[in-house]
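Report on one structure; see the data block that follows.
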Amino acid sequence: MIRLLLIGAPGAGKGTQAEKLSAAYSIPAISTGDIFRHNVKNETELGKQAKAFMDRGEYVPDSLTNDLVRDRLSQDDAKSGFLLDGYPRTAEQVAELDSILEAQGNKLDVVVQLTADTDEVVRRLLNRAIEQGRADDTEDVIRRRLEVYEEQTAPLTSVYAGRGLLVTVDGLGEVEEVTGRILEALNARTASN
């Protein structure tokens, strides 16, 4: 059982690695980005609200995101562990996640930060936009998302490092190679605790 958070810039490989780690640990991968895109595609009320922010390369407001995550973490499949991808993104969301988990009698076990070169991230996201038909991934929007990440999310690594939860892993390389580095880091952490 593990409660894991993946953090890193857009395009650092979180979604790809979330799938691999979800399978390795038999826990659900909970991606706020996927949930938002599903709601946008299905034109739900949340989707309509979220789309306006996403189209500008900005984060969906905490109030919408927090409600979504609270609901998802209360579902049965997340009770014995989970992997969060894309949440928390702000200091306020860190506090909200702490509150959600505390109410359940839980806490995060580890935070994995995937690092990647900015130009490589832009290249990856432009390729993904073409492959997946993502209208929200233009170069201007991608660069704005990276700026927002640096302003709002990157400081969270200090919070989690201060709690002794942060493990940093290079997100560049072949998918299996990166997965191997993450699993090795997690196994080393588990062995030392």
Side-chain angles (χ1 to χ4, degrees), residues 1-38 59-60 65-66 68-90 93-94 96-98 100-101 104-117 120-121 123-125 127-128 131-132 134 137 145-146 149 153-154 156-193:
M1 175 166 71
I2 188 167
R3 289 175 186 86
L4 170 66
L5 166 62
L6 270 181
I7 195 168
K14 296 183 304 295
T16 300
Q17 293 304 323
E19 289 179 24
K20 300 287 185 185
L21 296 172
S22 172
Y25 290 106
S26 299
I27 55 175
I30 301 170
S31 163
T32 51
D34 287 347
I35 295 169
F36 287 143
R37 280 186 288 277
H38 171 79
Y59 288 157
V60 174
T65 307
N66 292 340
L68 179 79
V69 171
R70 181 181 295 102
D71 176 67
R72 183 62 186 91
L73 290 178
S74 72
Q75 295 175 16
D76 286 342
D77 67 338
K79 289 194 186 325
S80 62
F82 55 80
L83 182 154
L84 283 172
D85 164 16
Y87 182 93
R89 292 186 176 199
T90 64
Q93 288 179 356
V94 169
E96 185 65 22
L97 178 60
D98 289 345
I100 292 167
L101 293 176
Q104 296 176 348
N106 294 321
K107 61 183 175 48
L108 281 176
D109 296 309
V110 65
V111 176
V112 176
Q113 178 188 23
L114 288 179
T115 60
D117 174 74
E120 176 61 19
V121 164
R123 187 191 66 73
R124 282 182 181 183
L125 291 175
N127 285 340
R128 181 174 78 181
E131 291 168 5
Q132 298 180 5
R134 289 188 177 189
D137 281 352
R145 285 169 57 203
L146 293 172
Y149 171 79
T153 307
L156 303 187
T157 59
S158 299
V159 171
Y160 288 120
R163 295 180 184 182
L165 296 176
L166 189 69
V167 175
T168 301
V169 176
D170 181 0
L172 295 180
E174 296 297 318
V175 170
E176 297 302 329
E177 180 186 337
V178 175
T179 305
R181 286 196 292 258
I182 295 170
L183 291 172
E184 187 177 311
L186 292 175
N187 289 337
R189 181 179 173 77
T190 303
S192 69
N193 284 344

Quiz item: Can Val178 and Leu114 be said to form a side chain to side chain contact (heavy atoms under 4.5 Å, CB included), step by step?
Solution: CA-CA 9 Å; Val178 175; Leu114 288 179; 4.2 Å; yes

Nearest non-hydrogen partners of [X] and [Y], listed with the distance:
X      : Y      : value
Tyr149 : Ile7   : OH-CG1, 4.5 Å
Arg89  : Thr153 : O-OG1, 2.8 Å
Thr157 : Gln113 : CG2-NE2, 3.4 Å
Ser22  : Ala29  : OG-N, 3.7 Å
Arg145 : Pro10  : NH2-CB, 3.4 Å
Pro28  : Arg72  : CB-NH2, 3.6 Å

Exercise. Using the side chain to side chain contact (heavy atoms under 4.5 Å, CB included) rule, take Tyr25 and Leu83 through it: C-alpha gap first, then chi angles, then the decisive distance, then the call.
Key: CA-CA 9 Å; Tyr25 290 106; Leu83 182 154; over 6 Å; no

Working to the nearest 0.5 angstrom, can you tell me the gap between [X] [atom1] and [Y] [atom2]?
X      : Y      : atom1 : atom2 : answer
Asp109 : Leu186 : CG    : CG    : 10.0 Å
Gln75  : Ile30  : CD    : CD1   : 7.5 Å
Arg3   : Asn106 : CZ    : CG    : 3.5 Å

Check whether any side-chain heavy atom of [X] sits under 4.5 Å from a side-chain heavy atom of [Y], and report yes or no.
X      : Y     : answer
Leu6   : Leu21 : yes
Arg163 : Asp98 : yes
Pro88  : Leu5  : yes
Phe36  : Leu68 : yes

Self-check item: With Leu4, the side-chain contact (heavy atoms from CB on, under 4.5 Å) member among Ile182, Val112, Leu84
Solution: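 Per the side-chain contact (heavy atoms from CB on, under 4.5 Å) rule, the option paired with Leu4 is Val112, out of Ile182, Val112, Leu84.
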
Kindly say whether [Y] contributes a backbone atom to a donor-acceptor pair with the side chain of [X] at under 3.5 angstrom?
X      : Y      : answer
Lys14  : Gly86  : no
Gln17  : Val175 : yes
Arg124 : Gly11  : yes

Quiz item: Between Glu120 and Arg123, does at least one N-O distance fall below 4.0 Å, as a salt bridge requires?
Solution: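 Looking at Arg123 together with Glu120, the answer is yes, because their closest N to O distance falls below 4.0 Å.
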
Please check if atom [atom1] in [X] has more than 12 non-hydrogen atoms from other residues, nucleotides or ligands closer than 6.0 Å.
X      : atom1 : value
Glu174 : CD    : no
Gln104 : CD    : yes
Lys79  : NZ    : yes

Self-check item: Leu108/Tyr160 under side chain to side chain contact (heavy atoms under 4.5 Å, CB included): CA gap, chis, key distance, verdict
Solution: CA-CA 10 Å; Leu108 281 176; Tyr160 288 120; 3.8 Å; yes

Practice problem: Starting from the C-alpha separation in whole Å, work towards a yes-or-no answer on side chain to side chain contact (heavy atoms under 4.5 Å, CB included) for Leu97 and Asn66. | Solution: CA-CA 8 Å; Leu97 178 60; Asn66 292 340; over 6 Å; no

